[in-house]
Amino acid sequence: MPQIGRNERVRVSLTLDGKKVSGLAEPRMLLSDFLRQQLSAGAVHVGCEHGVCGACTIRVDGRAVRSCLMFAVQAQGCDIETAAGLAGEDGELDALQKAFRKNHALQCGYCTPGILMSVTSFLDSNPDAGEDELKDMLGGHLCRCTGYVGIMRAVLEYAAARRA
Amino acid sequence: MKPKPFDYVRAETLDEALDALARHGADARILAGGQSQVAMLNFRLIETEVLIDITRIEALDYIRIENGALEIGAATRQSDLKDWPGLAEKVPMLHAALPFIGHVQTRNRGTVCGSIAHSDPSSELPLCLAVLEGEVVLRSKRAERTLKAADFQLEMLTTARAPDEMITAVRFPLGDASAGHAFDEMNRRRGDFAIVSLAAVARQDSVRLGVGGVAGTPKVRNWSELRTGDIDEALNAFAWELGGHDDIHGTARYRRELVRRLGRQVIEEARSCRR
Ligand code: FES
Ligand code: FES
């Protein structure tokens, strides 16, 4: 049974947006901090650090979760996806990002990467989700800029395009 | 904010977790989904010497029907229960309550048993456990015991769990097909902490109503016969007994008013789905 002392730093290896990577973490290091500081994953934004704002949302083994409510050591061997993995190698935005751009679904963009990960994860398991369910899903995110109208428009447009 | 340093143990089997608990007792905490606990650690509202992670114990990740109850293991996520195909038919109250629990992003990691272990007075699952008269299975290296909801939930954030025990499963009795069930709650935004939450089970003339968020634990009242004309008076008496507290989200008086108004709605809704 793996045991890690409080002052020990252990190597945590995981898959980040398709690449195998690793870094050092002590037990109390939050996954959000680990991704940003050790693995330079700038698409993980940190807002409240207590699970309320949704800025730090990533996909862990496919499911959208708060990375500020997990410890890095818990992510050993996990498949982690962030918004940085959405665009193509050449930097071309993916369909969801294009829908956000087209519908003015962001202003400062702080909340955006987390929302993108929630949307893709939710639609993967609920491809037929309607407006109410999508609003409910979006309820897990705070956006201080947009008023959500543009975000909903983008999400609905993207959901419809995925179904088509 | 960051938690105080702690030692981390990843238990791979139940025995490993129980060994670690026996060794560290009150100095240790079990980490399941962590959707409340990690936030509290980050805020330093709580601290721990040792964190025993049980999320990778596969034998605790299950949903099964046994002896007339739905049994849910300690590593089972709230999302998995919500998406479990038989839920609406087997335990309609849980089916009604689960969408109110946090957000999809927290249900994806939060566990059913963890919420019951945390015993927040405004949480949905402890309320369901109380109103359905469910059970909690506790294990230590010494023994296993099963407690009824009312014996497990002592007061706000306090349960009968001994320091070397952990919840391995919870059991919700299967709903009887003739009864009607309803759940509702009031909060500023869906997914936030409930200011008041209510769960009602209606059979022929009787009503069983549970209220969360007003007293320190979910409180349940049984009326063996409740005529429509008597509902308001019954709820008013119940609301006064519950008392309530003032906080930033609402006054005690507002909470009692919610018990009266939402109470009536959930009772009527439960009655309308009796068969
Ligand atoms: S930073 Fe994780 S939810 Fe706000
Ligand atoms: S765009 Fe600024 S917080 Fe959402």
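A note on names: the letters A, B, ... follow the listed sequences, proteins ahead of strands, and every chain is numbered from 1.
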How long is the straight-line distance from CG of B:Asp164 back to OG of B:Ser140, given to the nearest 0.5 Å?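 So the OG of B:Ser140 and the CG of B:Asp164 are separated by 4.5 Å.
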Check whether [X] gets within reach of chain B through its side chain, its backbone, both or neither, counting any heavy atom under 4.5 Å.
X	value
A:Gln76	both
A:Glu8	neither
A:Leu30	side chain
A:Asn7	neither

[X], [atom1]: over 12 other non-hydrogen atoms inside 6.0 angstrom:
X	atom1	answer
B:Phe193	CZ	no
B:Arg261	CZ	no
A:Arg144	CZ	no
A:Arg101	CZ	no
B:Glu144	CD	yes

Pairs of heavy atoms under 4.5 Å with chain A: top-ranked of B:Lys2, B:Lys4, B:Glu12: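 Ranked by heavy-atom pairs under 4.5 Å with chain A, first place is B:Lys2.
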Please identify, among B:Asp19, B:Leu31, B:Asp83, B:Ile52, the residue contributing the most non-hydrogen atom pairs under 4.5 Å to chain A.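 Result: the option with the highest number of such pairs is B:Leu31.
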Determine the interplanar angle of the A:Phe71 and B:Phe6 rings, folded into 0 to 90°, and report it as parallel if under 30°, tilted if 30 to 60°, perpendicular if over 60°.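 A:Phe71 vs B:Phe6 ring planes: perpendicular.
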Contact leader toward chain B among A:Glu26, A:Gln74, A:Lys135, A:Arg66, where contacts are heavy-atom pairs under 4.5 Å: A:Gln74
Among A:Gln3, A:Met29, A:Glu49, which residue forms the greatest number of heavy-atom pairs with chain B at distances under 4.5 Å?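 Top count of heavy-atom pairs under 4.5 Å with chain B: A:Glu49.
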B:Arg255 with B:Asp247: basic N within carboxylate O range, under 4.0 Å: yes
Can you tell me which portion of [X] sits under 4.5 Å from chain A's heavy atoms? Options are side chain, backbone, both or neither.
X	result
B:Thr13	neither
B:Gln37	neither
B:Asn108	both

